[in-house]
Amino acid sequence: QVQLVESGGGLVQAGGSLRLSCAASGRTVSSYAMGWFRQAPGKAREFVATIRWSGGNTYYADSVKGRFTISRDSAKNTVYLQMNSLKPEDTAVYYCAGSPYYSGSYYYPTHENEYDYWGQGTQVTVSS
C-alpha cells in the first residue's frame, strides 16, 4: 500500500503562486508515475500533470502547460506541483495520485482509473 498526503493549498489572488506537496509513504514509488488531478465544484475530476518518478519525464494538461510544473524529490519521497500565474478557473480540490502500472514504458497516464493510490485532496482557491 502507498499512502499519499497532500499539503500546501490555500487562498491566493489571481496571478499569484502556490506550491502543493504530496508526501508518499509505505511502498517505494520509485517505479511509479505520480499525477495531480483536480476537481472543481460541480465538475468531474480532471487530469493536471504527471511525472515518471524514474527519469523525471513530465506531461501536462493543455490548460496548465507553461504555468504549472510537476517535480519530485526522491530523498524526501515527495512530489510537488508549482502553480504560477493562477487563474480563478484553477480553483478546485487538488489530488495527488500514484500509478504502478507503467514502469519502463513511455506512456503517460492521464485517466483516473489508471491510478491506484490517492491522497485526501487539498483546496486551492483563486480569487479574482
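We use all heavy atoms of the structure for the numbers below, so side chains are in, but hydrogens, waters and symmetry mates are not. None of these values were measured; they are calculated from a predicted model.
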Residue pair Gly9 / Thr122: nearest heavy atoms and the distance that separates them:
N-OG1, 3.2 Å
Residues passing the ring pair (Phe, Tyr, Trp, His ring centres under 6.0 Å) test with Tyr115, sequence neighbours excluded, are Phe37
Donor-acceptor contacts under 3.5 Å from residues 23-34 side chains, at least two apart:
from	atom 1	to	atom 2	distance (Å)
Thr28	OG1	Ser30	N	3.3
Thr28	OG1	Ser30	OG	3.2

What are the two closest heavy atoms between Met83 and Val124, and how far apart are they?
CE-CG2, 3.8 Å
Would you be so kind as to tabulate the donor-acceptor pairs closer than 3.5 Å made by side chains of residues 12-21, with sequence neighbours excluded?
from	atom 1	to	atom 2	distance (Å)
Ser17	OG	Asn84	OD1	2.9

In terms of heavy-atom contacts, Val79 and Trp36 come closest through CG1-NE1, 3.6 Å
Once side-chain hydrogen bond (donor to acceptor under 3.5 Å, both in side chains) is applied, do any residues pair with Asn77, and if so which ones, sequence neighbours excluded?
none
Donor-acceptor pair, distance only, cut-off 3.5 Å: does the side chain of Arg52 make one with the backbone of Asn57?
no
Going by disulfide (SG to SG under 2.5 Å), name the pairs with one or both residues in residues 36-86, residues two or more places apart or in two chains.
none
In chain order, what residues pass the ring pair (Phe, Tyr, Trp, His ring centres under 6.0 Å) check against Tyr108, with sequence neighbours excluded?
Tyr59
Which residues satisfy the side-chain contact (heavy atoms from CB on, under 4.5 Å) test with Thr58, sequence neighbours excluded?
Ile51, Tyr60, Ile70
Linked hydrophobic residues, Tyr101 as query - side chain contacts closer than 4.5 Å
Tyr102, Tyr107
Nearest heavy-atom contact between Lys65 and Asp62 is NZ-OD1, 3.1 Å
Residue pairs meeting salt bridge (charged side-chain N to carboxylate O under 4.0 Å, His left out), one or both in residues 29-46, sequence neighbours left out, come to Arg38-Glu46, Arg38-Asp90, Arg45-Glu112
Can you find a pair of side-chain heavy atoms, one from Glu6 and one from Tyr94, that are under 4.5 Å apart?
no
Looking at residues at least two apart in the chain, or sitting in another chain, which of them share a side-chain contact (heavy atoms from CB on, under 4.5 Å) with Thr125?
Leu11, Thr91, Gln123
Could you see if Tyr95 belongs to whatever hydrophobic cluster contains Tyr80? Use Ile, Leu, Val, Met, Phe, Trp, Tyr and a side-chain cutoff under 4.5 Å.
no
Cluster overlap Val2 with Leu81, hydrophobic side-chain contacts below 4.5 Å:
yes
Under the disulfide (SG to SG under 2.5 Å) definition, can you give me all pairs with a residue in residues 44-128, not counting sequence neighbours?
Cys22-Cys96
Report the residues that fulfil ring pair (Phe, Tyr, Trp, His ring centres under 6.0 Å) with Trp53, sequence neighbours left out, ordered by chain and then residue number.
none
